[in-house]
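Numbers here simply count residues along the sequence, with the first being 1. Indexing begins at 1, ligand by ligand and atom by atom, following the structure's order.
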Amino acid sequence: MATLAGQLARSAASYPTKTALVFEGRELTYRQLDEEVNRHAHALTALGVTKGDRVALMSGNSDGFVIAMYAVFRLGAIVVPVNPRATSPELRHLLTDSGASVLLLGAGMTPAVEGLVELDPIERAPHVLALDVLEGYPSLRVQTASQPSTAPDVVVEESDDCIIIYTSGTTGLAKGALFDHHRMLWVGHSMASLGTTGMDRHLHVAPLYHCAQLVLFMLNSISVGATNVVLPAFEPQAVADALEEHRITVFLGVPTMYQLMLRLPDLAERDFSAWRLGFFGAAPMPPQAVEQLTATLPAVDFFQLCGQTEGGPTGIYLTPDEVRARPDATGRWPIPNCEVRVVDADGQDVAAGAAGEIIYRGETLMKEYWGQPEATADTIRDGWLHSGDIARVDADGFMTIVDRMKDMIITGGRNVYSVEVENALAGHPDVADVAVIGHPDETFGERIVAVVTPHEGGGVTLDGLREFASAHVADYKLPRELIVREIPRNPSGKILKHVLRDETVSR
Ligand code: ATP
Ligand code: MG
C-alpha cells in the first residue's frame, strides 16, 4: 500500500545519496532524511504517540518541520500543522478542535503557547516539546539521539488518516480538513501532469503549514525524490539569491511575494537559467502584476493555480501560454484528476458571461471537516465540493474569480463582486494595495468602500479613484467611500476582509 512515509522510504532506497533537504547550510540526503524520520518516529512512540493520534506542529519553515511531519506519518498518526503566527486563542482553538496529544514547537514559537495560561485550560492538555532547542521545553531532537534509524514496526495503510489541514480562517474560524494518505498521494499525480518531476529542485518559501506549499510541493516532491531547499521566511533578496545559488527549477509564490520581488532592481538580470516552472496562486493577483511578472521573467513558464484546502487543494489552473494571454483570468482547466463546474443557485451550469459558484469533484477532496459532520454535509453535496468562490465564465471557458460568496457586496439590490472592483482600482498609479468591502448602509443595504494603501508619496482621492475605475467597471460598482490605511493580509497574501470590516465599520 502506498503511503507518504512509504514514498519517502522508496525515494531513500532509489536515491540514497541525493540531496533531499537543504536548510540554513545543513543538508540531508534521502537516506539521512529517512533515518532521521525513523529516529523521530521512535522518539514520538516513546512519548506515547500511536496510530490515529493527532500531533500538532507549530513551526516556521525548517528541515525539522519536514522530519517531524514524516515521523508522524510513519506512525500512522495525524499531523496538524499550525500557523506559526497563530495567536494564543487561535492555537487553543486548533488544539482543542483537533484533540492533539502532542504539540511540537519550532524556533521562536513560545509566546503563543505561553499565552495559553491566560485562557480557559484545555481539557486534555498536550505534551509540549521543542523540535530542536527552546528554553523551558524538552527537545524532541535530543530524544532522538539514542533511537534506532530503522523503521518502527507499524503498519500504515493508504486509507489511514494522515493530516488535518486547517483552512486559512479568511472568512471566519479555521476549519480542519481531514485527509488520508491516498488523497495526499493523488495530488502528486496532478502536479506531475503539470510538469514537475523527480529531477526538480524546489524552493519552499511560502508557509509549509498551508496546503499549497505543503501538499502540492513538499509532499509531492519528497514522494518523487526531488531536492528541496527550504527558507525560513520570505525576504525578496534572499529568495532571488536562493533561486540563483541553488539552481532552483520550480518555485511557488503567493501574489504579494512576486509583487515585492518585482521591486528588486536587478530581478531581470539574475541568473535564473535553471528556473523552469513558476506557480502563483492562493489569492487573486492583479492582472497588471501578472503582466509585469511574465514580462520581467520571460524564460520562466508561470502557471496560475487556484484551489482550496478542502480540495486537497484541488482546483483550477491556467497554462503558461494562457497566463501570458489572459492575465485577468484565474483558471481554465480543472487540475488533472478533478472535475470543475460553475453553477447557479439551482445547481445548473451558468451560461457564458455569467457568474456562479465553482464546485469541484475528484480523488483528492477532503474526507470531512474534522469532527463537523454538518459542515461537511453542507460543503460536499452529491460528491461535489462547494467552494464558496464566485467565478465568471467566458465563452472560451476561462474562469475568473470575482469574489467569495461571503464577501460579495449587495448594494441597491445589485451584486457587486469585490475582486472586480479591486482589479479596476489596482491599476491606479498611486495605489499600492487595495481591498473593497461592503459597509452597512441605510439607503443601499450595503455601501461600497475602497480601502487603499497609497504608494509612498502618492495621494489618492475618492473622486480620482472613481474616475479611474469608471473606465473598467459600471457606475454602480464604484466605491462611495475611501479609507486610507494598511490592509491586513495573512501569510498567503489573502486579505482578511472580516477583520477589515470589523475594524473600519464603526468609524
Ligand atoms: P476559510 O475557508 O477559513 O475562510 P480560506 O478559504 O482563505 O479560509 P484556503 O483554503 O487556504 O482558506 O484558501 C482557499 C481560497 O483562496 C479559495 O477559496 C479562493 O477564494 C482563494 N484562492 C486560492 N487561489 C486563488 C487564486 N489563484 N486566485 C484567486 N483566489 C484564490
Ligand atoms: Mg475557504
In ligand 1, the atoms that come under 4.0 Å of a heavy atom of Gly281 are 27 (N)

In plain terms, say whether Asp396 and Arg326 are close enough for a salt bridge, that is, a side-chain N and a carboxylate O under 4.0 Å apart. no

Can you find a side-chain donor-acceptor pair between Asp180 and Ser159 that sits under 3.5 Å? no

Starting at OG1 of Thr314, measure out to CD1 of Ile335 and round the result to the nearest 0.5 Å. 5.5 Å

With a cut-off of 3.5 Å and sequence neighbours excluded, list every side-chain donor-acceptor pair involving residues 161-175.
| unit_1 | atom_1 | unit_2 | atom_2 | d |
| --- | --- | --- | --- | --- |
| Asp161 | OD1 | Lys367 | NZ | 2.6 |
| Tyr166 | OH | Asp97 | OD2 | 2.7 |
| Thr167 | OG1 | Lys175 | N | 3.0 |

Is a donor from one side chain sitting under 3.5 angstrom from an acceptor on the other, for His472 and Glu420? no

Side chain, backbone, both or neither: which part of Thr309 has a heavy atom under 4.0 Å from ligand 1? both

Heavy-atom contacts under 4.0 Å between Ser492 and ligand 1: side chain, backbone, both, or neither? neither

For ligand 1, which part of Cys306 has a heavy atom less than 4.0 Å away: the side chain, the backbone, both, or neither? both

With a heavy-atom distance limit of 4.0 Å, tell me whether Thr170 approaches ligand 1 through its side chain, its backbone, both, or neither. both

In terms of atom number and element, which parts of ligand 1 are under 4.0 angstrom from non-hydrogen atoms of Gly307? 14 (C), 15 (C), 17 (C), 23 (C), 24 (N)

Show the atoms of ligand 1 that are less than 4.0 angstrom away from any heavy atom in Leu305. 24 (N), 26 (C), 27 (N)

Using the test side-chain hydrogen bond (donor to acceptor under 3.5 Å, both in side chains), find all partners of Gln259 that sit at least two apart in sequence or belong to another chain. none

Using heavy atoms and a threshold below 4.0 Å, how should the contact between Lys406 and ligand 1 be classified: side chain, backbone, both, or neither? neither

Identity and distance of the protein heavy atom lying nearest atom 19 (C) of ligand 1: Asp389 OD2, 3.2 Å

Can you classify the ring geometry of Phe251 versus Tyr258 as parallel (below 30°), tilted (30 to 60°) or perpendicular (above 60°)? perpendicular

